[in-house]
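See below for the structure under consideration.
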Amino acid sequence: MTGNNKNRYNGTPNNEDTMAERITPRKENYSQWYVDIVIQAKLADYSPVKGCMVIRPRGYALWEKMQQTLDRMFKETGHQNAYFPLLIPESFIKREAEHIEGFSPELAIVTHAGGEKLEEPLVLRPTSETIIWSMYKKWIQSYRDLPLLINQWANVLRWEKRTRMFLRTTEFLWQEGHTAHSSEEEAREETLRMLEVYRDFAENYMAMPVLTGIKSESEKFAGAVNTYSLEAMMQDRKALQAGTSHFLGQNFAKAFDVTYQTAEGSIDHVWATSWGVSTRLIGALIMTHSDDKGLIIPPKLAPIEGVIIPIFKSSNKEEVLGYAREVLSAMKQEIRVEIDEDEQNSPGWKFSEWEMVGVPLRVEIGPRDMEARKVVLVRRDTGEKIPVAGEEVTRTAKALLDDIQQSLFERARKFREENYHRLDTYKDLRKLFESEGGFVEAHWCGDPDCEGKIKDDTKATIRVLLDRKPVDGAVCIACSKPASQVAVFSKAY
RNA sequence: CGGGCUGUAGCGCAGGGGCUAGCGCACUGCGUUCGGGACGCAGGGGUCGGUGGUUCGAAUCCACUCAGCCCGACCA
């Protein structure tokens with residue numbers, strides 16, 4: 001369990017560094033830091049099955065906050081929820097050539113059930129395009145049935161060789177939207193609309209700046225015509241794909257023979273999109289904001305926005321607690337706040353513990369505060385302590401939460417800007433990825449060979465192609481032929 | 001899937017053929033503490049990851065296997 005890491009919590013606090021000694025510092029071992037946050041903040045735990053994880057209540061509460069917000073956004077853009085089966089006939093997956101080629105190495109297949117060998121094996125869904133389109137064939141006859149805008153919240157299974165908590169697990173939770181349209185234009189609009197919904201969510205709720213754009217052929221979804229992606233920069237300067245939105249063209253409509261009668265009376269295949277984000281967003285959230293003291297959750301997604309820590313002795317316990325509870329009931333009206341009345345642990349212990357689990361705002365209330373009818377507010381993001389009068393607590397706390405939300409976004413945005421480079425020479429590109437890394441915006445000719453060469457030489461891949469044409473005379477950073485695309489390269493998760 | 005490292009109490013570790021397997025933290029009880037991880041006293045907790053072998057005797061040696069971490073290959 002310890003691996004080759006020698007810096008894990010040894011259970012012995014030392015006076016030099018009393019805070020968060022359960023978490024490996026980022027600069028020592030970034031991967032271990034990430035694992036420590038997940039475990040110590042009680043977001044998830046390992047399961048008995050390889051590559052799977054148990055999402056614990058604190059992690060699941062975070063997912064529920066994400067779900068609530070996204071679900072509202074999907075409904076506001078006209079989508080309805082439905083649920084399709086986990087088990088998919090193997091033959092369905094094989095209907096679309098690229099789709100099966102892309103997914104077959106990752107499939108888990110049920111061959112026996114009820115004590116008998118199945119006539120046709122059943123695939124545990126890696127994604128639901130095939131089973132959904134088999135149903136859409138039944139549901140769509142006329143242009144009057146379109147658009148069909150359905151989303152589902154579900155688990156999916158992909159047999160991954162190398163797994164990491166939240167970032168890549170064998171089973172994960174996600175939502176997948178599947179829409180059918182009567183025109184290419186409308187389907188393309190839908191693809192971009194949902195991409196923007198995701199951007200809105202990432203930036204305004206997760207406080208995570210994202211770059212959006214189209215994927216190169218080699219990186220796109222198996223079965224899509226175009227894949228659009230959101231790419232965020234983690235604190236180790238690597239990119240994380242945070243969500244995708246696909247324009248599927250008529251690929252699945254043709255594979256499943258989904259046609260409709262147009263207003264003019266002709267028969268045509270429908271146009272499709274699919275789009276999804278997963279529990280991977282929790283990993284993205286961790287690696288965007290958290291520090292060596294533990295998790296940091298942006299207020300809008302924090303299951304608990306504030307925690308009150310009363311500081312008392314046995315001699316003044318009742319008075320301090322009484323005042324703290326007054327403050328609690330006042331704050332509760334407008335803020336998701338809890339009080340930690342535990343008497344066994346010292347206040348200092350509680351400070352560290354609540355910092356570890358990422359609560360954005362701490363409210364310290366001790367005897368001195370009580371006498372002055374004040375409290376001390378402490379920001380999780382900066383550690384700044386702000387004394388405030390009792391009757392001002394709720395208003396100030398709300399303002400601080402807003403400010404924390406904004407500051408987290410700004411801090412992440414600034415970090416990304418500082419590590420975003422526009423490069424023109426191959427030498428500079430190699431040098432960058434040999435050293436600190438980051439995002440590199442560069443011109444590309446569009447040839448997969450150049451993309452492959454860059455990957456071989458630097459391990460960086462094209463994260464997205466920007467929606468912007470190269471300036472006149474621009475040349476590919478790899479081969480110096482005329483450029484057709486502006487690409488963003490990065491090492492990625 | 002390949003290379004490396006690691007599995008002993010909830011966590012972090014020590015012990016490396018021999019009698020009853022230890023330490024720190026955590027946990028339980030009582031008391032004192034309490035503004036950045038407090039302390040005393042008394043307790044509870046172990047099929048030494050699993051299976052099979054070698055041996056008079058295995059946590060310890062061997063084989064296989066499972067799991068985790070790191071590095072690769074692969075990967076919407």
Counterpart base for [N], defined by Watson-Crick or G-U wobble contacts under 3.5 Å:
| N | result |
| --- | --- |
| B:C69 | B:G4 |
| B:C41 | B:G29 |
| B:C64 | B:G50 |

When the [atom1] atoms of [N] and [M] are considered, how many whole Å apart are they?
| N | M | atom1 | result |
| --- | --- | --- | --- |
| B:C71 | B:G15 | P | 28 Å |
| B:U54 | B:A67 | C1' | 26 Å |
| B:A58 | B:G49 | P | 15 Å |
| B:G10 | B:C27 | C1' | 8 Å |
| B:A59 | B:A21 | C1' | 8 Å |
| B:A9 | B:U47 | P | 9 Å |
| B:U20 | B:C25 | C1' | 24 Å |
| B:G18 | B:G57 | C1' | 7 Å |

Without decimals, in angstroms, what is the distance between [X] [atom1] and [N] [atom2]?
| X | N | atom1 | atom2 | result |
| --- | --- | --- | --- | --- |
| A:Tyr46 | B:A67 | OH | C1' | 10 Å |
| A:Lys491 | B:C75 | NZ | P | 18 Å |
| A:Asn316 | B:G35 | CG | P | 12 Å |
| A:Met53 | B:G68 | CE | P | 12 Å |
| A:Asp340 | B:G36 | CG | P | 16 Å |
| A:Lys455 | B:G72 | NZ | C1' | 12 Å |
| A:Lys293 | B:G37 | NZ | C1' | 12 Å |
| A:Asn345 | B:G35 | CG | P | 12 Å |

Side chain A:Thr77, main chain A:Phe74, donor-acceptor under 3.5 Å: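 A pair under 3.5 Å: yes.
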Side-chain donor or acceptor of A:Tyr34 paired with backbone N/O of A:Met165 under 3.5 Å: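 It does hold such a pair.
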A:Phe221/A:His99 aromatic ring centres below 6.0 Å: yes
Starting at [atom1] of [X], measure out to [atom2] of [Y] and round the result to the nearest 0.5 Å.
| X | Y | atom1 | atom2 | answer |
| --- | --- | --- | --- | --- |
| A:Arg280 | A:Leu285 | CZ | CG | 14.0 Å |
| A:Glu343 | A:Phe312 | CD | CZ | 4.5 Å |
| A:Trp153 | A:Trp63 | CH2 | CH2 | 5.0 Å |

Under 3.5 Å side-chain donor-acceptor pair for A:Thr24 and A:Asp36: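 On atom types as modelled, these side chains qualify, holding a pair under 3.5 Å.
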Among the nucleotides [options], which one has an atom lying closest to any side-chain atom of [X]?
| X | options | value |
| --- | --- | --- |
| A:Glu364 | B:U33, B:A67, B:G35 | B:G35 |
| A:Lys50 | B:A67, B:A38, B:G35 | B:A67 |
| A:Ser352 | B:G37, B:C75, B:G35 | B:G37 |
| A:Lys313 | B:C75, B:C34, B:C74 | B:C34 |
| A:Pro347 | B:G37, B:C34, B:A67 | B:C34 |
| A:Ser31 | B:G68, B:G37, B:C70 | B:C70 |

Residue closer to the 5' end of RNA chain B, A:Ile365 versus A:Trp174 (nearest nucleotide):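 Checking each residue's closest nucleotide, the 5'-ward one belongs to A:Ile365.
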Which residue lies more 5' along RNA chain B, comparing A:Ala222 with A:Arg362 via nearest heavy atoms: A:Arg362
4.5 Å side-chain heavy-atom contact, A:Arg168 and A:Arg162: no
Phosphate contact (B:G72 OP1 or OP2) by A:Lys459 side-chain N/O below 4.0 Å: yes
What contact category does [X] fall into here, base, sugar-phosphate, or nothing, at under 4.0 angstrom with non-hydrogen atoms?
| X | result |
| --- | --- |
| A:Phe172 | base |
| A:Gly383 | nothing |
| A:Pro126 | nothing |
| A:Ser314 | base |
| A:Glu353 | base |
| A:Lys220 | sugar-phosphate |

For the side chain of [X] and the base of [N], is some donor closer than 3.5 Å to an acceptor across the two?
| X | N | value |
| --- | --- | --- |
| A:Arg164 | B:G68 | no |
| A:Glu355 | B:G36 | yes |
| A:Asp369 | B:G35 | yes |
| A:Lys385 | B:G36 | yes |
| A:Arg162 | B:C74 | no |

